[in-house]
Visitor: 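Take a look at the following structure, please.
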Amino acid sequence: MTTETVDAEAWGPGASWLLKTLPDLLGLSDTEETRAEFAELVAAQGNPQLVQSLHRNRGFRVMRSSRVWDSLVPAVLEQRVTVQEAHRAYQLLVRRYGIPAPGAPVDLRLCVSPSPREWALIPSWEWHRAGVDGKRSRAILGASRVAVRLEETVGMERDEAARRIRTVPGIGVWTAAEVMHRAHGDADAVSVGDLHLPRIVCGALGDPAMSWDDERMLELLEPYRGHRYRVSALLYR
């Protein structure tokens with residue numbers, strides 16, 4: 001077996017922390033044993049589409065950023081809009097209110113996302129200009145007031161962590177699940193409330209001719225409990 005290595009270099013405040021947590025960001029905390037367990041489960045269930053997707057994506061790992069705030073803001077911006085609209089809004093706001101990434105080449109225009117306090121100071125008209133409605137901007141403002149408490153969820157028991165994230169007005173099950181798999185590496189977080197996911201999951205794991213909704217999706221994902229995010233991510237690919 002060929003050993004693969006990654007060379008990493010970091011600079012600026014937090015550089016040592018980033019290098020220390022890089023293995024989690026690359027998905028190395030998603031162990032071979034856990035992924036083998038999932039592969040055995042997929043084989044036992046025998047769904048052809050899922051088996052094929054897992055085969056095509058053998059290197060798929062669930063990453064863990066350990067950065068709740070940096071995962072939460074993009075997730076909130078993705079509520080009820082297309083990915084393209086959310087990415088545009090995030091890019092506009094970060095470039096306007098973030099700071100240039102320390103040490104990065106100027107031509108790359110890399111920016112550091114604003115701090116929770118800096119997000120809270122963005123004027124209402126700038127949110128509007130970026131295409132962010134009041135409900136999403138209010139959710140981010142509310143979360144900024146308890147950002148420290150949200151960061152504390154890293155390392156907490158998964159259900160308790162998700163409950164704390166959902167205490168912020170405007171952050172529901174879908175957003176909490178997105179944060180849980182991005183920041184916490186939760187391989188079981190199901191994004192209930194997603195516009196397309198129930199159709200994709202129900203079409204692949206159930207009868208494509210039957211109606212689909214969140215309830216039916218959760219029923220079909222139940223045999224994969226503990227790995228339900230893996231299933232949904234693979235079926236999306």
Visitor: Between atom NE2 of H181 and atom OH of Y229, what is the distance when rounded to the nearest 0.5 Å?
Guide: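 The distance works out to 4.5 Å.
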
Visitor: Is a side-chain N or O of S191 found less than 3.5 angstrom from the main chain of D194, in a donor-acceptor match?
Guide: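 Flag not set: sc S191 to bb D194 has no pair under 3.5 Å.
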
Visitor: Got a salt bridge between R164 and E152, using NZ or NE/NH1/NH2 to carboxylate O under 4.0 Å?
Guide: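 Looking at E152 together with R164, the answer is yes, because their closest N to O distance falls below 4.0 Å.
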
Visitor: In Å, rounded to the nearest 0.5 Å, how long is the span from CH2 of W127 to CZ of R138?
Guide: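 Those atoms lie 11.5 Å apart.
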
Visitor: Is there a side-chain contact between I140 and W69, using heavy atoms and a 4.5 Å cut-off?
Guide: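 Heavy-atom side-chain distance check passes, below 4.5 Å.
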
Visitor: Determine, for D30 against R230, whether the closest basic-nitrogen to carboxylate-oxygen distance falls under 4.0 angstrom.
Guide: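 Yes, this pair counts.
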
Visitor: Under a 4.5 Å cut-off applied to non-hydrogen side-chain atoms, are E37 and E40 in contact?
Guide: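 SC-SC contact between E37 and E40 ruled out.
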
Visitor: So how far is it from Y97 OH to L92 CG, rounded to the nearest 0.5 Å?
Guide: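 Here the rounded value is 11.0 Å.
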
Visitor: What I want to check is whether the side chains of Y224 and N47 have a donor and an acceptor closer together than 3.5 Å.
Guide: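 Judged by distance alone, the side chains do not pair up.
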
Visitor: Please test V192 against L197 for side chain to side chain contact (heavy atoms under 4.5 Å, CB included), starting from the C-alpha separation and ending with a verdict.
Guide: CA-CA 8 Å; V192 173; L197 189 60; over 6 Å; no

Visitor: Closest heavy-atom contact between P116 and S144?
Guide: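 Distance-wise, the nearest heavy atoms are O-CB, 3.4 Å.
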
Visitor: Report the C-alpha separation of V94 and V73 in whole Å, then their side-chain angles, then the decisive distance to 0.1 Å, and conclude whether the side chain to side chain contact (heavy atoms under 4.5 Å, CB included) test is met.
Guide: CA-CA 11 Å; V94 168; V73 172; over 6 Å; no

Visitor: Are L25 and V6 in one and the same hydrophobic cluster, where Ile, Leu, Val, Met, Phe, Trp and Tyr link if side-chain heavy atoms are under 4.5 Å apart?
Guide: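 They do share one cluster, since a chain of ILVMFWY contacts under 4.5 Å joins L25 to V6.
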
Visitor: Tell me if a side-chain donor or acceptor on S115 pairs with a main-chain N or O of E118 at a distance below 3.5 Å.
Guide: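 Such a contact is found between S115 side chain and E118 backbone.
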
Visitor: If we only count heavy atoms from C-beta on, is the V168 to L72 side-chain gap below 4.5 Å?
Guide: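 With C-beta onward as the side chain, the pair stays apart.
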
Visitor: Can you find a pair of side-chain heavy atoms, one from R61 and one from E32, that are under 4.5 Å apart?
Guide: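 A side-chain contact exists here, since the closest heavy-atom pair is under 4.5 Å.
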
Visitor: Donor-acceptor pair, D188 side chain versus G226 backbone, under 3.5 Å?
Guide: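 Here the side-chain-to-backbone pair exists.
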
Visitor: Inspect the surroundings of CD in E215 and state if more than 12 heavy atoms from other residues, nucleotides or ligands are less than 6.0 Å away.
Guide: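 Counting neighbours around CD of E215, 12 or fewer heavy atoms of other residues, nucleotides or ligands fall under 6.0 Å, so no.
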
Visitor: Given side chains that start at C-beta, do those of S113 and Y90 come closer than 4.5 Å, heavy atoms only?
Guide: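 When only atoms from C-beta onward are counted, Y90 and S113 do touch, with a gap below 4.5 Å.
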
Visitor: Please report the closest heavy-atom contact between L220 and V201, naming both atoms and the distance.
Guide: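 That closest heavy-atom pairing would be CD1-O, 4.4 Å.
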
Visitor: Identify the heavy atoms of F60 and R35 that sit nearest to each other, and give their distance.
Guide: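 Closest approach of F60 to R35, heavy atoms only: O-CD, 3.5 Å.
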
Visitor: Decide yes or no for L26 and M63: does some side-chain heavy atom of the first lie under 4.5 Å from some side-chain heavy atom of the second?
Guide: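 Side chain of L26 against side chain of M63, heavy atoms only: no contact under 4.5 Å found.
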
Visitor: Which distance, rounded to the nearest 0.5 Å, do you find between the CD1 of I99 and the SG of C111?
Guide: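 One finds 9.0 Å between CD1 of I99 and SG of C111.
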
Visitor: Heavy-atom distance under 4.5 Å between the side chains of P100 and V112, does that happen here?
Guide: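 No. Closest side-chain heavy atoms not under 4.5 Å.
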
Visitor: Looking at R182 and E178, does any basic side-chain N land under 4.0 Å from a carboxylate oxygen?
Guide: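 Looking at E178 together with R182, the answer is yes, because their closest N to O distance falls below 4.0 Å.
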
Visitor: For a side chain to side chain contact (heavy atoms under 4.5 Å, CB included) check, start with the C-alpha distance between R58 and L54, then their side-chain angles and the critical distance, and finish with the verdict.
Guide: CA-CA 6 Å; R58 293 179 181 178; L54 182 59; over 6 Å; no

Visitor: Hydrophobic cluster membership, with links at side-chain heavy-atom distances under 4.5 Å among I/L/V/M/F/W/Y: are I200 and M217 in one?
Guide: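 Linked, I200 and M217 end up in one cluster.
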
Visitor: State whether W119 and R136 meet the cation-pi test: NZ (Lys) or CZ (Arg) under 6.0 Å from the six-membered ring centroid, and within 45° of the perpendicular axis.
Guide: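 No, cation not above the ring by the 6.0 Å, 45° rule.
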
Visitor: Group every Ile, Leu, Val, Met, Phe, Trp and Tyr by side-chain heavy-atom contacts under 4.5 Å, then state whether Y236 and L50 land in the same group.
Guide: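 Yes; L50 is reachable from Y236 via cluster members.
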
Visitor: So, does E151 use its side chain to make a donor-acceptor pair with the main chain of V68 at under 3.5 Å?
Guide: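 Yes, E151 side chain to V68 backbone: donor-acceptor pair under 3.5 Å.
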
Visitor: Does the T175 side chain pair with the main chain of I171, one donor and one acceptor, at a distance under 3.5 Å?
Guide: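 Absent.
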
Visitor: Which pair of non-hydrogen atoms, one from A177 and one from V190, has the smallest distance, and what is that distance?
Guide: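 Where A177 meets V190 most closely, the heavy atoms are CB-O, 3.3 Å.
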
Visitor: Would you give the length of the straight line joining atom CG of L41 to atom CZ of R225, rounded to the nearest 0.5 angstrom?
Guide: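 Here the interatomic distance stands at 12.5 Å.
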
Visitor: Quick one: do D133 and R80 satisfy side chain to side chain contact (heavy atoms under 4.5 Å, CB included)? Show the steps, please.
Guide: CA-CA 10 Å; D133 59 77; R80 301 182 306 280; 3.7 Å; yes

Visitor: Looking at D24 and S65, would you say the former's side chain and the latter's main chain have a donor-acceptor pair under 3.5 Å?
Guide: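 Judged by distance alone, no pair lies under 3.5 Å.
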
Visitor: Rounded to the nearest 0.5 Å, what separation is found between the CD atom of Q84 and the CD atom of E78?
Guide: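 Reported to 0.5 Å precision, the distance equals 10.5 Å.
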
Visitor: Should we count CZ of R237 as having more than 12 external heavy atoms under 6.0 Å?
Guide: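 Counting other residues, nucleotides and ligands, CZ of R237 exceeds 12 neighbours.
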
Visitor: Determine yes or no for a side-chain-to-main-chain donor-acceptor pair under 3.5 angstrom, with Q91 supplying the side chain and R88 the backbone.
Guide: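 Not confirmed, Q91 side chain does not pair with R88 backbone.
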
Visitor: Report yes if some heavy atom in the side chain of H184 is under 4.5 Å from a heavy atom in the side chain of I165; otherwise report no.
Guide: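 Side chain of H184 against side chain of I165, heavy atoms only: contact under 4.5 Å found.
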
Visitor: Are V179 and M156 grouped together when hydrophobic residues (ILVMFWY) are joined by side-chain heavy atoms under 4.5 angstrom apart?
Guide: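 Looking at the clustering, M156 is in a separate group from V179.
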
Visitor: On the 0 to 90° scale, with breaks at 30° and 60°, tag the F38-H227 ring pair as parallel, tilted or perpendicular.
Guide: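 F38 vs H227 ring planes: tilted.
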
Visitor: So which heavy atom on G206 is nearest to which on R216, and how close?
Guide: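 Shortest heavy-atom contact: CA-NH2, 4.5 Å.
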
Visitor: Check this for me: R109, atom CZ, are more than 12 non-hydrogen atoms of other residues, nucleotides or ligands nearer than 6.0 Å?
Guide: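 No, because the 6.0 Å sphere around CZ of R109 holds 12 heavy atoms or fewer from other groups.
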
Visitor: Looking at A139 and V76, what are the two nearest heavy atoms and their distance?
Guide: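 Taking A139 first and V76 second, the nearest heavy atoms are CB-CG1, 4.0 Å.
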
Visitor: Same cluster or not: M180 versus V231, using hydrophobic residues (I, L, V, M, F, W, Y) connected whenever any side-chain heavy atoms lie under 4.5 Å apart?
Guide: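 As far as the 4.5 Å side-chain criterion goes, V231 and M180 are not connected within one cluster.
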
